[in-house]
Amino acid sequence: RDKEEMTKVLGDSKIRLLVAAPDKNTVVVTFGGSKTFLAETIAAAKAAKGTILADAAAAEAMAHMPKNLCSLALFNGGNLFQVILDGAKVMEPDSPPPPFNINCKTPIAMGVGVSGSTENIVFYVPSELIKQAVGAFMQVAGPRRGPMPVPAEPAPGSEDF
């Protein structure tokens, strides 16, 4: 049954990590899915024509990247959350949505800059994504407990050290 559900969502009964280089400056990585999914991802990357970094949310992350950038990875947490919701709807169409939302479009970014013989690696996580993730955790972690009640009388020996 698990393989059937995976096939519904991923288009394949196996989890695959596929990597392709559609041009000399781009690497596309897909997690899960079939070669068809990889082809769709490559087509989307080509259709963007290098405009991903021009997006305002990506520009926010890029402002923190090192100079002389030679390597860059972007990971959009809001998009991943939407993919998870879409997959859950395929597997359980009648399930209610979660009591929280992660919609931060500013990506997590990792950039490597090189200057001479020195590498500078920067890892950027947007504070909005952290706030939303903490809020989501608090929603599912359960209700907060109130202060502990103070007993009317001290426990025996409570005055001893």
Side-chain angles (χ1 to χ4, degrees), residues 1-93 95-141:
R1 180 173 176 240
D2 291 341
K3 283 189 174 190
E4 288 174 12
E5 289 182 351
M6 279 180 50
T7 302
K8 284 183 195 176
V9 175
L10 301 176
D12 197 351
S13 63
K14 299 176 184 171
I15 296 177
R16 298 176 192 231
L17 182 69
L18 299 174
V19 181
D23 62 51
K24 68 178 187 157
N25 295 317
T26 307
V27 175
V28 174
V29 179
T30 61
F31 178 77
S34 62
K35 290 182 181 179
T36 303
F37 180 62
L38 177 64
E40 291 171 2
T41 305
I42 290 170
K46 285 181 178 180
K49 296 183 181 176
T51 60
I52 292 171
L53 298 181
D55 179 71
E60 180 182 334
M62 293 304 294
H64 301 277
M65 293 297 100
K67 303 293 182 230
N68 301 321
L69 195 64
C70 70
S71 179
L72 174 68
L74 301 175
F75 182 82
N76 189 315
N79 284 352
L80 175 62
F81 184 72
Q82 189 59 51
V83 167
I84 292 169
L85 289 179
D86 292 347
K89 279 290 183 200
V90 169
M91 293 204 279
E92 296 290 333
S95 65
F100 57 86
N101 191 20
I102 296 177
N103 58 11
C104 177
K105 295 299 178 191
T106 303
I108 295 170
M110 188 196 82
V112 179
V114 176
S115 179
S117 62
T118 304
E119 273 189 7
N120 182 19
I121 300 172
V122 175
F123 191 72
Y124 172 76
V125 180
S127 58
E128 183 63 25
L129 181 60
I130 293 170
K131 288 177 190 175
Q132 290 179 1
V134 168
F137 175 78
M138 297 303 287
Q139 286 286 327
V140 298

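Bear in mind the structure is a predicted one, so any value in this text is a computation, not a measurement.
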Checklist entry - Are Val114 and Asn68 close enough that some pair of their side-chain heavy atoms sits under 4.5 Å apart? => result no

Next on the checklist: Walk me through whether Val19 and Val29 qualify under side chain to side chain contact (heavy atoms under 4.5 Å, CB included).
Outcome noted: CA-CA 5 Å; Val19 181; Val29 179; 4.2 Å; yes

Checklist entry - What distance separates Asn103 CG from Leu129 CG, expressed to the nearest 0.5 Å? => result 10.0 Å

Next on the checklist: Are the side chains of Met62 and Leu69 in contact, using a 4.5 Å heavy-atom criterion?
Outcome noted: yes

Item to check | Student check: side-chain heavy atoms of Val28 and Pro22 closer than 4.5 Å | outcome: yes

Item to check | Residue pair Pro107 / Ala61: nearest heavy atoms and the distance that separates them | outcome: O-CB, 3.7 Å

Next on the checklist: Run the side chain to side chain contact (heavy atoms under 4.5 Å, CB included) test on Asn101 and Phe81 for me, step by step, so that the C-alpha distance in whole Å, both residues' side-chain angles and the decisive distance to 0.1 Å come before the verdict.
Outcome noted: CA-CA 8 Å; Asn101 191 20; Phe81 184 72; 3.3 Å; yes

Checklist entry - For the atom pair CD (Gln82) and CD1 (Ile102), what is the distance rounded to the nearest 0.5 Å? => result 11.5 Å

Checklist entry - Residues in side-chain contact (heavy atoms from CB on, under 4.5 Å) with Glu128, at least two apart? => result Cys104, Lys131, Gln132

Checklist entry - With no hydrogens and no angle check, is any side-chain donor or acceptor of Asn76 less than 3.5 Å from a backbone partner on Lys105? => result yes

Next on the checklist: Any heavy-atom pair between the side chains of Asp86 and Lys89 that's under 4.5 Å?
Outcome noted: no

Checklist entry - Does the side chain of Ser71 come within less than 4.5 Å of Ile121's, by heavy atoms? => result no

Item to check | Verdict with reasoning, Leu74 to Leu53, per side chain to side chain contact (heavy atoms under 4.5 Å, CB included) | outcome: CA-CA 10 Å; Leu74 301 175; Leu53 298 181; 3.7 Å; yes

Checklist entry - So, for Met110 and Met65, which heavy atoms are closest and what is the spacing to 0.1 Å? => result C-SD, 3.9 Å

Checklist entry - Which residue pairs satisfy the side chain to side chain donor-acceptor pair (under 3.5 Å) criterion with at least one member in residues 40-62, sequence neighbours excluded? => result Glu60-Thr106, Glu60-Tyr124

